[in-house]
Amino acid sequence: MTKNIPEMYGSLVFNDKVMHSKLPKDVYRALRKTIQNNTHLELDVANAVAVAMKEWAVENGATHFTHWFQPMTGITAEKHDSFISPSDGGVIMEFSGKELVKGEPDASSFPSGGLRATFEARGYTAWDPTSPAFIKDGTLYIPTAFCSYTGEALDKKTPLLRSMEALNREAVNLLHILGNTSVKGVSTTVGPEQEYFLLDKALYRARKDLVFCGRTLFGAAAPKGQEMEDHYFGVLKPRVSAFMHDLDEELWKLGVPAKTKHNEVAPAQHELAPVFETANIAVDHNQLTMEIMKKVADKHGLACLIHEKPFEGINGSGKHNNWSMITDTGVNLLDPGKTPAENTQFLVFLTAVISAVDDYADLMRVSVASAGNDHRLGANEAPPAIVSMFLGDELSAIVESIENDTFFAKPDAVQMETGAHVLPHFFRDTTDRNRTSPFAFTGNKFEFRMLGSSLSVSGPNVVLNTAVAEELKQFADALKDVPAKELDAAVHKMIKERIIAHKRIIFNGTGYTDEWVEEAEKRGLYNLKTTPDAMPQFIAPKNKDLFIKHHVFSDIEIMSRYEIILENYSKAIHIESRTMTEMMKKDLLPSVYAYMGQVAKAANEKKALSSALSVSCEEELLTKLTSLSETITTLTEKLEADTKEAETIEDMLERAKFYCYTVLALMDEIRAAADEAESLVPDALLPYPTYDKLLFSV
């Protein structure tokens with residue numbers, strides 16, 4: 001039976017349509033005012049909303065509710081409470097405004113970066129009415145912020161909401177100065193594309209490194225990888241197609257606007273892209289998407305990998321963050337229109353973004369820093385670690401004309417000539433796509449392409465929102481006292497000065513070349529290759545001042561995140577090191593020794609049958625295996641010792657550097673020997689699945 005998609009979409013969401021039908025008119029208006037104007041909700045209104053929300057949830061099979069939040073683990077957290085309340089020997093289903101608005105989870109065991117001691121356990125969750133509640137697995141999920149007993153943000157939602165308020169405040173103020181007084185609010189919109197791998201679940205479970213680390217720590221390359229370029233946009237295999245079909249339905253029920261699905265470049269790799277949403281809802285929905293992907297994959301006998309680099313030698317996975325600004329009147333502030341050179345409002349906001357990316361390129365790199373993502377950035381499969389901007393031919397020409405005070409002649413639209421007359425006529429876009437650019441203009445938005453696939457998209461958008469808010473404030477301060485008749489000239493002068501000051505960040509070429517690395521250094525751009533390289537910039541005075549000035553982070557919240565990111569980095573490599581050590585000792589080396597026994601036996605038998613003095617191929621193989629096993633054993637012992645030494649280093653940054661430059665470097669050496677040894681050992685002797693099975697079994 002054909003399913004009614006419009007009826008299915010959002011059927012498990014307490015959205016505006018449901019609120020309008022379930023709430024009294026005055027309560028609905030009060031709630032809408034809270035959502036639109038970022039004002040506090042009165043308790044009597046909250047009580048009415050809670051009753052309606054509970055009734056709707058129970059009607060849809062819910063028995064419990066949970067405050068769903070995003071601690072600094074990078075994933076979500078939840079504690080479930082039932083609606084039941086004892087009454088005369090039985091129970092009734094109750095849910096109060098107080099329970100809706102505030103929860104009290106234990107905050108002691110979540111990452112806090114020193115904000116909370118273990119004995120200081122109390123924390124609070126606070127309802128975010130701008131992100132709709134939803135039902136999943138018989139539970140009402142209420143999106144919430146999470147803070148400590150003393151009010152510091154312990155989550156990823158609170159800073160995002162603060163940054164959105166900062167950008168809204170500064171954007172509206174500047175628009176009013178420019179004469180656009182009809183605008184009352186500006187929101188940032190985000191569409192995060194999600195890349196992932198699908199593996200057979202049984203094969204996945206047979207690899208300790210995939211289970212514990214999310215990536216393979218060693219593995220000889222399969223005979224075929226992505227070199228034939230036949231997987232990208234290829235026909236979906238039946239098992240994958242069935243998974244994607246069910247995934248779409250599950251996401252649509254939860255109001256997640258999943259739009260595009262396709263095979264990605266690497267074998268077993270795929271992508272899902274949603275429609276744009278307001279930033280905080282997009283962040284919530286991306287967290288849901290990653291969770292539902294794994295849940296649906298499990299039902300199909302699959303494992304979904306969201307790690308940035310699960311396999312060596314083929315592309316890893318990223319998450320492109322499509323970002324723009326839109327007014328409450330429906331105008332996209334980054335839409336150039338038909339005549340961008342004459343669109344002053346667009347040029348002002350474009351220039352603000354250019355300035356922000358240049359001034360805070362280091363923060364943008366920090367916002368995507370992780371142990372997993374370090375494997376991708378600059379590896380000719382993702383943008384380089386150097387932040388730059390791609391504007392395309394037309395916008396670059398406009399920027400150049402402003403800088404030089406020359407006339408911009410808009411090029412005529414180019415009709416594409418395909419050579420096949422049966423094909424319809426269409427015009428070429430005014431800008432190409434640059435897949436090597438970290439921050440590329442793509443028509444009416446910017447695509448921040450450095451994000452890792454497992455990353456919460458909150459952090460990068462906090463940085464983008466706050467940095468752009470600061471530039472908009474500087475623009476407003478420069479223009480606020482300019483007489484109306486002089487405003488146009490002052491705006492043009494300001495744009496020109498900013499372009500001259502920040503044009504070094506604009507680069508339309510390929511970011512994969514050594515020439516660009518040299519050029520970027522000449523321009524004075526950051527090249528922060530690893531997380532330990534990048535993290536000191538997070539606490540640089542100019543960056544701390546930015547966050548504190550716009551009330552996005554306090555000083556103590558900045559320092560806590562600095563420690564958490566470094567600690568998570570070290571923990572990730574620590575787990576990888578221990579897993580590699582165990583797999584070398586218990587899996588690979590025993591297989592190598594077993595094969596060496598077989599080879600030695602064959603060599604002895606051949607010697608017994610022949611009096612030839614020449615070295616047999618078996619003896620050559622045995623010598624090779626002996627050398628590799630000795631190398632692996634020696635390096636693994638050193639890895640154990642170095643990992644123990646790393647844990648004795650108290651300074652977070654120095655520990656992270658040791659893990660990066662010593663432990664991780666040693667793991668790469670072990671991998672090289674292990675991969676070569678594995679390629680010599682028959683599959684029947686290996687206790688784990690190899691790359692060819694992992695990548696080509698679904």
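All residue numbers refer to positions in the sequence shown, counting from 1.
With hydrogens and angles left out, the side-chain atoms of Thr216 and Glu312 include no donor and acceptor closer than 3.5 Å. A donor and an acceptor atom, one from each side chain of Glu308 and Ser454, are located under 3.5 Å apart. Using modelled atom types and a 3.5 Å distance limit, the side chains of Gln269 and Asn263 yield no donor-acceptor pair. Residues Lys157 and Gln70 bring no donor and acceptor atom of their side chains to less than 3.5 Å of each other. Looking at Asn322 and Glu193, their side chains do bring a donor and an acceptor atom within 3.5 Å of each other.
In this structure, the side chains of Ile506 and Ser388 stay at 4.5 Å or more apart for every pair of heavy atoms. Within the 4.5 Å cutoff, side-chain heavy atoms of Leu305 are placed close to those of Tyr204. Looking at Lys201 and Arg205, their side chains come closer than 4.5 Å, going by heavy atoms from C-beta outward. Contact check for Arg504 versus Leu525: side-chain heavy atoms found under the 4.5 Å cut-off. The shortest side-chain heavy-atom distance between Pro274 and Thr289 does not fall under the 4.5 Å cut-off. In this structure the side chain of Val368 reaches within 4.5 angstrom of the side chain of Pro460, judged on heavy atoms. When side chains are defined from C-beta on, Met450 counts as touching Val387, because their heavy atoms get closer than 4.5 Å. In this structure, the side chains of Glu195 and Lys319 stay at 4.5 Å or more apart for every pair of heavy atoms.
Arg523 and Glu519 are joined by a salt bridge, as a carboxylate oxygen and a charged side-chain nitrogen come within less than 4.0 angstrom of each other. Under 4.0 Å is where a charged nitrogen must lie from a carboxylate oxygen, and between Asp683 and Lys693 at least one such pair does. Under a 4.0 Å N-O distance rule, the pair Glu567/Lys571 qualifies as a salt bridge. A salt bridge does not link Lys224 with Asp692: every distance from a Lys NZ or Arg NE/NH1/NH2 to an Asp or Glu carboxylate oxygen is 4.0 Å or more.
A pairwise comparison of heavy atoms in Pro71 and Ile75 identifies CD-O, 3.4 Å as the closest pair. Across all non-hydrogen atoms, the minimal contact from Leu451 to Asn373 is C-ND2, 4.0 Å. The heavy-atom pair separating Leu198 from Ala297 by the smallest distance is CD2-CB, 4.3 Å. Looking at every heavy atom in both residues, Ser591 comes nearest to Asp587 through OG-O, 2.9 Å. In terms of heavy-atom proximity, Thr579 sits nearest to Asp209 at CG2-CA, 3.8 Å. For the pair Gln226 and Val265, the tightest heavy-atom approach, listed with the atom from each and the gap, is NE2-CG1, 3.6 Å.
Of the possible polar contacts, one joining the Thr623 side chain to the Glu619 backbone as a donor-acceptor pair under 3.5 Å is found. Judged by distance alone, with hydrogens and angles left aside, the side-chain atoms of Glu271 form no donor-acceptor pair with the main-chain N or O of Lys261 at under 3.5 Å. In this structure, the side chain of Asn604 engages the main chain of Ala600 through a donor-acceptor pair within 3.5 Å. The backbone N or O of Met364 lies less than 3.5 Å from a partner atom in the side chain of Ser367, making a donor-acceptor pair.
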> Checking side chain to side chain donor-acceptor pair (under 3.5 Å) for the pair Glu678/Tyr688: CA distance, chi angles, key distance, verdict?
Replying inline: CA-CA 11 Å; Glu678 183 190 287; Tyr688 55 82; 2.8 Å; yes

>> Evaluate Arg239 against Asp200 for side-chain contact (heavy atoms from CB on, under 4.5 Å), listing each step before the verdict.
In response: CA-CA 10 Å; Arg239 205 170 168 191; Asp200 182 87; 3.1 Å; yes

>> Could you go through Lys299 and Phe243, starting from their C-alpha distance and side-chain angles, then the distance that decides it, and tell me whether this counts as side-chain contact (heavy atoms from CB on, under 4.5 Å)?
In response: CA-CA 9 Å; Lys299 290 181 179 179; Phe243 159 82; over 6 Å; no

>> Applying side-chain contact (heavy atoms from CB on, under 4.5 Å) to Leu628 and Leu680, what does each step give before you reach the verdict?
In response: CA-CA 10 Å; Leu628 288 170; Leu680 300 174; 4.0 Å; yes

>> I'd like to know whether Phe538 forms a ring pair (Phe, Tyr, Trp, His ring centres under 6.0 Å) with Tyr562, so could you lay out the CA-CA distance, the side-chain angles of the two residues, the decisive distance to 0.1 Å, and finally the verdict.
In response: CA-CA 7 Å; Phe538 190 55; Tyr562 170 78; 7.3 Å; no

>> Would Ser627 and Lys624 count as a side chain to side chain donor-acceptor pair (under 3.5 Å) here? Give the steps.
In response: CA-CA 5 Å; Ser627 175; Lys624 183 67 174 175; over 6 Å; no

>> Please evaluate residues Met583 and Leu588 with respect to the criterion side-chain contact (heavy atoms from CB on, under 4.5 Å), reporting the C-alpha separation (whole Å), side-chain torsions for both, the decisive distance (0.1 Å), and the verdict.
In response: CA-CA 6 Å; Met583 292 186 74; Leu588 182 60; over 6 Å; no

>> Using the rule given for side chain to side chain donor-acceptor pair (under 3.5 Å), can you reason through Glu654 versus Tyr659, listing the C-alpha separation, both sets of side-chain angles and the distance that settles it, and then say yes or no?
In response: CA-CA 9 Å; Glu654 293 306 312; Tyr659 270 114; over 6 Å; no

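Residues His270 and His231 bring their aromatic ring centres within 6.0 Å. Between Trp323 and Phe448, the ring center distance fails the sub-6.0 Å criterion. Not less than 6.0 angstrom separates the ring centroid of Tyr691 from the ring centroid of Phe696.
For the salt bridge (Lys or Arg N to Asp or Glu O under 4.0 Å) with Asp374, the qualifying choice from Arg365, Lys309, Lys529 is Arg365, the only one to do so.
Note that Arg449 lies outside the cation-pi zone of Phe441, set by a 6.0 Å cut-off to the ring centre and a 45° limit from the axis.
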